[in-house]
Amino acid sequence: MKQEILDLYDDNFNCLNKTIIRRIDEIPEGTNIMASYILIKNNNMYLLEQSTERNNFKWSIPGGHKLSGETIEEGLERELKEELNITNINYAKIDTIKFPYGKYIFNVFISKDIINLSDLKFQEEEVIQVKWFSKEEIIKLIEEEKISRGYAFILNKYMD
């Protein structure tokens, strides 16, 4: 797997012109890394992807870490292409938030584009399957701890 270089940010979302290597370097105290995630919503259902063993088979929101030098939109689009082979998706930014339980800043987007699951191709190292879930089903998955805390934080805050 190729090394991913990530920019470091302060708590006010300012880039510090410092980097780390993902999964090798620790995130220094007082700094954060940034990720972009997208809520894809069709007919009151949300698209979630199930992670591989690497992430304990938990369900997550499409998206991922922003690499050094990328815009938040470029990072989102790269992750969607890599993980699910989604390209040319229409989306809008909802918010940029600091995750209260770790050293992460999340850029949150939403799309209401129609996504046909049979058109998706999964990144085998990261994604086992994708499914549509209702808000109630997602709440149950969160209660059963089948969605990691960061994704649960975003879903609880922005699902309508």
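Positions are given from 1, in the same order as the sequence printed here.
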When you measure from the side chain of [X] to the backbone N and O of [Y], does any donor-acceptor pair fall under 3.5 Å?
X      : Y      : value
Lys103 : Ile27  : yes
Asn42  : Met45  : no
Asn116 : Ser118 : yes
Ser111 : Asp113 : yes
Ser36  : Ile72  : yes
Ser51  : Val127 : no
Glu49  : Ser60  : no

Exercise. Please name the residue in the list Tyr151, Phe109, Phe153 that meets the ring pair (Phe, Tyr, Trp, His ring centres under 6.0 Å) test with Tyr37.
Key: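 Of the listed residues Tyr151, Phe109, Phe153, the ring pair (Phe, Tyr, Trp, His ring centres under 6.0 Å) partner of Tyr37 is Tyr151.
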Quick one: [atom1] on [X] to [atom2] on [Y], what's the gap to the nearest 0.5 Å?
X      : Y      : atom1 : atom2 : result
Gln129 : Leu117 : CD    : CG    : 10.0 Å
Leu6   : Thr31  : CG    : OG1   : 10.5 Å
Ile86  : Leu84  : CD1   : CG    : 4.5 Å

Residue pair Ile105, Ile97: steps toward the side-chain contact (heavy atoms from CB on, under 4.5 Å) verdict
CA-CA 6 Å; Ile105 296 169; Ile97 55 173; over 6 Å; no
How far apart are the closest heavy atoms of [X] and [Y], and which atoms are they?
X      : Y      : result
Ile24  : Gln3   : CD1-NE2, 3.4 Å
Asp25  : Ile21  : OD2-N, 2.7 Å
Trp132 : Glu137 : O-OE1, 4.2 Å

Any salt bridge between [X] and [Y], counting N to O under 4.0 Å?
X      : Y      : result
Arg54  : Glu126 : yes
Arg78  : Glu74  : no
Asp7   : Lys18  : no
Lys135 : Asp160 : no

Could you tell me whether the side chain of [Y] reaches within less than 4.5 Å of the side chain of [X], counting heavy atoms only?
X      : Y      : answer
Tyr158 : Ile110 : no
Leu8   : Thr19  : no
Ile61  : Ile147 : no
Leu47  : Ile38  : no
His65  : Arg22  : yes
Glu83  : Leu120 : no
Thr96  : Val108 : no
Leu39  : Leu155 : yes

Are [Y] and [X] connected into the same hydrophobic cluster when the rule is that any two of I, L, V, M, F, W, Y join if their side-chain heavy atoms are below 4.5 Å apart?
X      : Y      : answer
Ile138 : Phe106 : yes
Leu16  : Met34  : no
Ile94  : Leu76  : no
Leu48  : Ile40  : no

Paired with Phe122, the side-chain contact (heavy atoms from CB on, under 4.5 Å) test is passed by just one of Ile128, Val130, Asn85, namely Val130
Is there a side-chain contact (heavy atoms from CB on, under 4.5 Å) between Trp59 and Lys131 once you walk through the steps? CA-CA 9 Å; Trp59 290 93; Lys131 285 187 182 179; 3.9 Å; yes
Worked check of side-chain contact (heavy atoms from CB on, under 4.5 Å) between Ile139 and Met159: CA-CA 10 Å; Ile139 290 168; Met159 277 191 306; 4.3 Å; yes
Using a cut-off of 6.0 Å, state whether more than 12 heavy atoms not belonging to [X] lie near its atom [atom1].
X      : atom1 : value
Glu144 : CD    : yes
Asn88  : CG    : no
Lys93  : NZ    : yes

Fill in: Evaluation steps, side-chain contact (heavy atoms from CB on, under 4.5 Å), between Ile33 and Ile20
CA-CA 9 Å; Ile33 57 174; Ile20 61 167; 3.8 Å; yes
For a side-chain hydrogen bond (donor to acceptor under 3.5 Å, both in side chains) check, start with the C-alpha distance between Lys66 and Tyr9, then their side-chain angles and the critical distance, and finish with the verdict. CA-CA 12 Å; Lys66 181 190 103 42; Tyr9 295 82; 3.1 Å; yes
Can you say whether the rings of Phe99 and Tyr101 are parallel (under 30°), tilted (30 to 60°) or perpendicular (over 60°)? perpendicular
Just by distance, with hydrogens left out, do Asp10 and Asn32 show a side-chain donor and acceptor under 3.5 Å apart?
no
